[in-house]
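Shown next, in C-alpha cells, is the structure this report addresses.
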Amino acid sequence: MERVIYLDHASTTPTDPEVLEAMLPWFSQKFGNPSTVYSLGLTSSEAVQQARETVARLIGAEPEEIYFTSGGTESDNWAIFGTAEAQQSKGRHLITSAIEHHAVLECMKFLEKRGFEVTWLPVNSRGLVDPEEVRRALRPDTILVSIMHANNEVGSIEPIEEIGRITREAGVLFHVDAVQTVGKLPLDVDQLGVDMLSMSAHKFYGPKGVGALYARKRVKLSSYLHGGGQERGKRAGTHNVPGIVGLAKALEIACGRMAEDAIREAELRDRLWKGISERIQAVHLNGDFQHRLPSNLSIRVDGVEGESMILMLDMEGICVSSGSACTTGSLDPSHVLLAMGIPAEQAHGSLRMTLGRSTTQEDIDKFIEVFPPIVARLREMSPIWCANCICRKGS
Ligand SMILES: *Cc1c(COP(=O)(O)O)cnc(C)c1O
C-alpha cells in the first residue's frame, strides 16, 4: 500500500511502536488476571498499579483517583451518569456547552428525557465558552458542570481554569472532557480546578479501547459497571492489562515530547493554512487562532461540500475529515459550527486537518499542491458556486 498522508490525528492515532512493545508481554507470557492472588496474577496487578501511578503523576493526581475505562466515551458517560445518580437528591440541574463531543451531548439529552434539566451554554464565533455564562447559569440545584478542554472539530481551547475557579467557589462538581488535550497540552488537575477528567489512549498514540477517568477523592460517583470488585468496586470487569500498560506508556512518551511536537505541528499547520489561503479564494478559518490546539486546522470552503472534498482527497491518498469522525456519514451540519453561528450551507463546506507526529513538510506541500485543483473542479460542478462574483448564487 502506498503511504497515505494522514491528517486526521484528532480521530485517532497509530500506536507508538514503543508502546506496542511494552504491551506485548501482557498478552502472552504475563497473561495473569490481576484480581488473582498467586504470583502470575500479582505481576499483572502490579503492572496496573504502576500504570495508575504513572497516569496520576502526569496529570497531578493521586493514584486512587484514577479509574481505568474502555475509553473517552465510557469516561464521559460515567462522569455524567455517575454524578446524576449519586447527586440527584441534591438537585437535577446540569450545565454543559453546545459544542461538546457526542459522548457528552447524548448523555445530557438522555438525562433531559429522564427529568433532569440541562443548560446548554452558547459559544462565541470562535468556539469559546464565556466563564461568566457558567456563573450565571449556576443554581442551587446544579449538580454538575461539564465543559470540554479542547474541541475536537475546531480545536478551540476552553477557559477551563477560570471555569474551575467558579465551580469551586460554588461547590459544584466540574467534569472536563480532556480527550483532545491529554498528552498534548500541559495539564494539572489542581491547577485547572477540575473534579473529573476524561482521557482516551488512542488519541495520544496509545491503543484503542482503553481510557481513564480521573475523579477527585471527594467526588461521590456511582458504580458504573456492576460485577467483580475491580477499580475499588466502582467499575467491574477484568482489567485490560495490555491496554492499561499501553495507555500509561503512551502518556509518558507524549508528555516527554509534548513541547517539541507542539512547536513542530503548529509550524506545519501554519504553513498549511498559508498555502491554502493564498491559493484558494473564499476559504475561511473556523475557530480561534490563538486559543487553539497546535495540531488543528479547520476551514470552510465556499461553494463545495466537505464530503466531496474528503472523497477526492482520499483518491490522492490523503485522509482528512469534515468535522468529527462521529458525524461523518450523517448529512446534518456540525453542531459545533452551527453553535459558532456559521450558517448551515457554509458549515457543509467544512474540512478538518489534524496533524501529528508522522506529518512532514512534504505532506503539507503535497496537500497544498493537490487541494486547489480539487476545489476548482468541485466548484465547476457546484450549483451554489459562482466564480465571477465570488458569492453564492442567489445571495
Ligand atoms: C475521541 C473523543 C471522545 C471519544 O473517545 P473514545 O475513546 O473514542 O470513546 C470523546 N471526546 C472527545 C473530545 C474526543 O475527541
Side-chain angles (χ1 to χ4, degrees), residues 6-15 19 55 59 66-81 96-110 123 127-129 146-158 160 175-185 187 192 194 196-214 224-225 235 237 240 242-244 246-248 250-251 254 286-287 291-298 319-329 334-337 339 352-356:
Y6 185 74
L7 295 175
D8 200 18
H9 290 83
S11 76
T12 195
T13 55
T15 301
V19 171
V55 172
I59 64 167
I66 304 297
Y67 298 88
F68 291 114
T69 66
S70 67
T73 300
E74 185 188 322
S75 297
D76 286 346
N77 273 252
W78 187 10
I80 295 165
F81 292 136
T96 193
S97 85
I99 61 161
E100 296 299 309
H101 188 274
H102 285 283
V104 167
L105 221 63
E106 295 300 324
C107 295
M108 293 290 181
K109 285 189 194 164
F110 186 89
V123 293
L128 298 173
V129 172
S146 181
I147 307 281
M148 69 200 318
H149 195 182
N151 181 267
N152 46 301
E153 291 186 32
V154 299
S156 51
I157 300 171
E158 301 301 331
I160 296 302
H175 166 250
V176 170
D177 175 341
V179 173
Q180 287 293 335
T181 54
V182 169
K184 293 199 195 99
L185 297 182
L187 189 157
L192 288 180
V194 308
M196 288 175 277
L197 180 142
S198 305
M199 69 176 83
S200 175
H202 76 101
K203 301 289 175 83
F204 51 84
Y205 303 87
K208 293 172 183 57
V210 62
L213 177 67
Y214 155 78
Y224 190 59
L225 289 177
R235 199 274 185 189
N240 172 2
I244 290 166
L247 180 145
L251 187 57
N286 295 325
H291 306 280
R292 188 187 197 92
L293 287 174
S295 52
N296 173 293
L297 180 66
S298 170
C319 309
V320 299
S321 126
S322 59
S324 69
C326 326
T327 42
T328 301
S334 144
H335 66 282
V336 176
L337 299 175
R352 178 188 74 180
M353 281 69 74
T354 44
L355 287 58

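Remember, it's 1-based here, ligands and their atoms both numbered in the order they're listed. A quick note: this is a predicted structure, and the numbers were derived from the prediction, not measured.
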Between ligand 1 and the protein, which N/O pairs fall short of 3.5 Å?
unit_1	atom_1	unit_2	atom_2	d
ligand 1	7 (O)	Gly72	N	2.8
ligand 1	7 (O)	Ser200	OG	2.6
ligand 1	7 (O)	His202	NE2	3.4
ligand 1	8 (O)	His202	NE2	2.9
ligand 1	9 (O)	Thr73	N	2.9
ligand 1	9 (O)	Thr73	OG1	2.6
ligand 1	11 (N)	Asp177	OD1	3.4
ligand 1	11 (N)	Asp177	OD2	2.7
ligand 1	15 (O)	Gln180	NE2	2.7
ligand 1	15 (O)	Lys203	NZ	2.7

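With hydrogens and angles disregarded, no donor-acceptor distance shorter than 3.5 Å links the side chain of His291 to the backbone of Ile157. In this structure, the side chain of Asn151 does not engage the main chain of Gly127 through any donor-acceptor pair within 3.5 Å. Between the side chain of Ser198 and the backbone N or O of Asp177, no donor-acceptor pair lies under 3.5 Å.
For Glu100, the side-chain hydrogen bond (donor to acceptor under 3.5 Å, both in side chains) test picks out Ser97, with sequence neighbours left out. Among residues two or more places apart in sequence or in another chain, the ring pair (Phe, Tyr, Trp, His ring centres under 6.0 Å) test is passed with Tyr67 by Trp78. For Thr96, there are no side-chain hydrogen bond (donor to acceptor under 3.5 Å, both in side chains) partners at least two apart in sequence or on another chain.
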